[in-house]
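For the numbers below, each heavy atom of this structure counts, side chains included, while hydrogens, waters and symmetry mates do not. Protein chains get the first letters and strands the later ones, always in sequence-line order, with residue 1 at the start of each.
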There are 2 protein chains.
Amino acid sequence: MRAGPSQEEIRRHNLGALLRHVHLRGATSRAELTTILGLNRSTIGALTADLVTAGLVVEGAPRETGRAGRPSLVVRPNSRVYAFALSVEVDRVRAARVGLGGAVLDRREAARPRGLTAGETAPLLAGFVKEMHDAVPTAAVYVGGGVAVSGMVRREDGMVRLSPHKGWLDEPLGEVLRAELGRDRPVAVGNAADLSALAEHTRGVAVDCENVIFLTGDVGIGAGIIAGNRLISGHGGYGGEVGHMVVNPGGQPCGCGSRGCWETEIGEHALLRAAAREGLTGQDAVFAVVDPAARGDAGAQSAVRKVGDWLGFGVANLVNIFNPEMVIFGGTLRDVYLASAAQVRSRLNAMALPACREHLRLRTPKLGEDAALIGAAELAFQQVLADPLDAA
Amino acid sequence: MRAGPSQEEIRRHNLGALLRHVHLRGATSRAELTTILGLNRSTIGALTADLVTAGLVVEGAPRETGRAGRPSLVVRPNSRVYAFALSVEVDRVRAARVGLGGAVLDRREAARPRGLTAGETAPLLAGFVKEMHDAVPTAAVYVGGGVAVSGMVRREDGMVRLSPHKGWLDEPLGEVLRAELGRDRPVAVGNAADLSALAEHTRGVAVDCENVIFLTGDVGIGAGIIAGNRLISGHGGYGGEVGHMVVNPGGQPCGCGSRGCWETEIGEHALLRAAAREGLTGQDAVFAVVDPAARGDAGAQSAVRKVGDWLGFGVANLVNIFNPEMVIFGGTLRDVYLASAAQVRSRLNAMALPACREHLRLRTPKLGEDAALIGAAELAFQQVLADPLDAA
């Protein structure tokens, strides 16, 4: 409950709105910006000039329109402004240099032996950042870093409270990376599922949805949940731990200490167990079940269907709780879902209330495996988009 | 993504902020409003004068402060401005006339035979409204009605899509009541759990919480969920159907067509079944189990503990999903929780992730049984609070 904004706050708000628009939607003419932002031409002109001066946008000729007459100039994000996006996954680490506007300008990837601590993982990422930094053209402007981690991340400082399948407990990843990157710019850490949801909602398959659940899976299962166009993350930032919703009280023990958690039925281990490939791990092992299933192998199909049935079971619970327009299946759940869509739908029809599922769409990520990485870049760009002239 | 507000929009925003503050917090001096709203004295004076003219607030002497000197005038909500709040419960209907500021000025209640249709229920409510209306002092101003219903309510028009324990399916309660009340003012219908959550969050036990789950139970179980200070209700308004989260795949058939839904383990029927009182129904039957349990009756205690164990089970799932600061137990769950708090806590400790539950408080409603009714009044006041001069 506070007073209305001052003229200066309104100007900053409008600068952010203009920059965010071209960042997410790409080149836009001044005439279109006038309509979209509801401002007059002279205001758009002044805002654009400020952002050009700050080096955040460029103006130029539009692509060929095929129409006669002098074309209106378009405003584009200046991709010399960039962020580093990092992703710590169970089996690999990835890093990308992402330009304002969302283009991946450079990227690195390495396998990550399971069991590596945060302290051992951070130098790998810092090494990638250094390599990419050395290749950056002069005049490029670094605005910050974003990191996606599958695990419970404390919002305020990027402490990884728990990432059981990496064996991490209270690892100060944010602090370690800030020290390693050491560039006087913020490094923010977020949960991989949350950042994937954010990315698919802002520039992926769910741009027209207000209520979205992004499920991501490897050994563990997590969700990024958007309700009413906002990411919901709970008091400390730990919400979305749907993998520890108990679905089968008589089921397998879970790494969290409980029993029958959803991830014990749909995670990587459950699929490999169902396919009698217990002991194998990793994405390749998952593909070695899902691929034969797609080719008609009966044993593999049976395993995938069993997991797909539990997948639909938990999704039905979430649909009753959230009444979303879209559920997105990411990580290994993408492949499990594609191979067992009939089981998932059947469970939904049996368990989800008709009103809660009547406008529901089930989808896979448009951004593919890059969703979390793109989301990490969005996290890094958040500050410059919120207050362009202050942060640039 | 839109432009900043105009001066007139800022004024309206400030009028709403001032009115909302005194509506929720009561008499406030101009000096305090200056600090709270971050506006200067002359702006507060002008806004107050506008609201006095519109008949929405009154200025007057404060209560005795015991301090010397001339006291500053205080601004109070004008309780001549009122709404009707209605509540359709499984066993009863209630109606109240509620003044701006939240005081219940008049109230009516009647038993409601289970099985009454929406068409048969509406005249009961309309009768109450007529009685209370006839007793209203002249110069009182009616701003609208709010209705709380346990069931799935379509946001746009108040259609009750499903309220299984009333036997309602696609009952146009909003439309029927608008016709019955017929006063040229809006009548909004909301889910009882949502409205209870709203009431406890704005003026009850959860005023300092950003993430709250309000559970309410009778035969069915529902939740009103506030995440990041906002009620989340999903695409069509049907979210929060936590009673149909399946917790026991091998459990009892549920009225929704599924099996082992949470409400089959913690609803009224489950408690009465566990206490070998199957066939009885209603709040009195529930008390006839909970009261002996509180007095030490072993059989009743065993029943309450069994239900309490499942209560904790489902709450743990929700805590992992939402990471809330508070869970509130309303309806018959209030009594079940109070009688089985040890079981609930024990399940939470076993099943909820430490980070998700570390700041969790378990509470009963401060507004007691009136939570949904107060929430319905808040729904009715929403418009006048959003734009005081337009709606008054």
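- A 6.0 Å sphere centred on CZ of R41(B) holds no more than 12 heavy atoms belonging to other residues, nucleotides or ligands.
- Counting heavy-atom pairs under 4.5 Å between each of A227(A), G228(A), G260(A), P249(A) and chain B puts P249(A) at the top.
- Proximity to chain A (any heavy atom under 4.5 Å) is restricted, for L353(B), to the side chain, taken from C-beta onward.
- Options I232(B), T43(B), V246(B) differ in how many heavy-atom pairs under 4.5 Å they form with chain A, and the most are formed by V246(B).
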Audit row: R12(B), E9(B), salt bridge (Lys or Arg N to Asp or Glu O under 4.0 Å) steps and yes/no: CA-CA 5 Å; R12(B) 284 168 180 266; E9(B) 284 172 317; over 6 Å; no
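- For a residue to count as touching a neighbouring chain, one of its non-hydrogen atoms must lie under 4.5 Å from one of that chain's; by this rule S233(B) touches chain A with the backbone only.
- A donor-acceptor pair under 3.5 Å is absent between the side-chain atoms of W262(A) and the main chain of V315(A), judged by distance alone.
- Only the side chain of I225(B) comes within less than 4.5 Å of a heavy atom of chain A; its backbone N, CA, C and O stay farther away.
- For M351(B), the parts lying near chain A are the backbone and the side chain together; criterion is any non-hydrogen pair under 4.5 Å.
- Each of P354(A), S258(A), G243(A), C209(A) has some count of heavy-atom pairs under 4.5 Å with chain B, and the biggest count is that of S258(A).
- In this structure, a donor-acceptor pair under 3.5 Å is absent between the side chains of H359(A) and N323(A).
- The aromatic rings of F322(B) and F322(A) are tilted relative to each other, their planes meeting at an angle between 30° and 60°.
- Contacts between N211(B) and chain A at a heavy-atom distance below 4.5 Å involve the side chain alone, from C-beta outward.
- Atom CE of residue M159(B) and atom CD of residue E171(B) lie 9.0 Å apart, to the nearest 0.5 angstrom.
- Just one residue in the list V207(A), D208(A), N229(A) forms a side-chain contact (heavy atoms from CB on, under 4.5 Å) with H201(A), and that residue is N229(A).
- Contacts between L318(B) and chain A at a heavy-atom distance below 4.5 Å involve the side chain alone, from C-beta outward.
- Only the backbone of V247(A) comes within contact range of chain B, with heavy atoms under 4.5 Å apart.
- Counting heavy-atom pairs under 4.5 Å between each of H235(B), E241(B), E210(B) and chain A puts H235(B) at the top.
- For A350(B), the part lying near chain A is the backbone, with the side chain staying farther off; criterion is any non-hydrogen pair under 4.5 Å.
- What you find for R347(A) and A316(A) is that their closest heavy atoms are O-CB, 4.3 Å.
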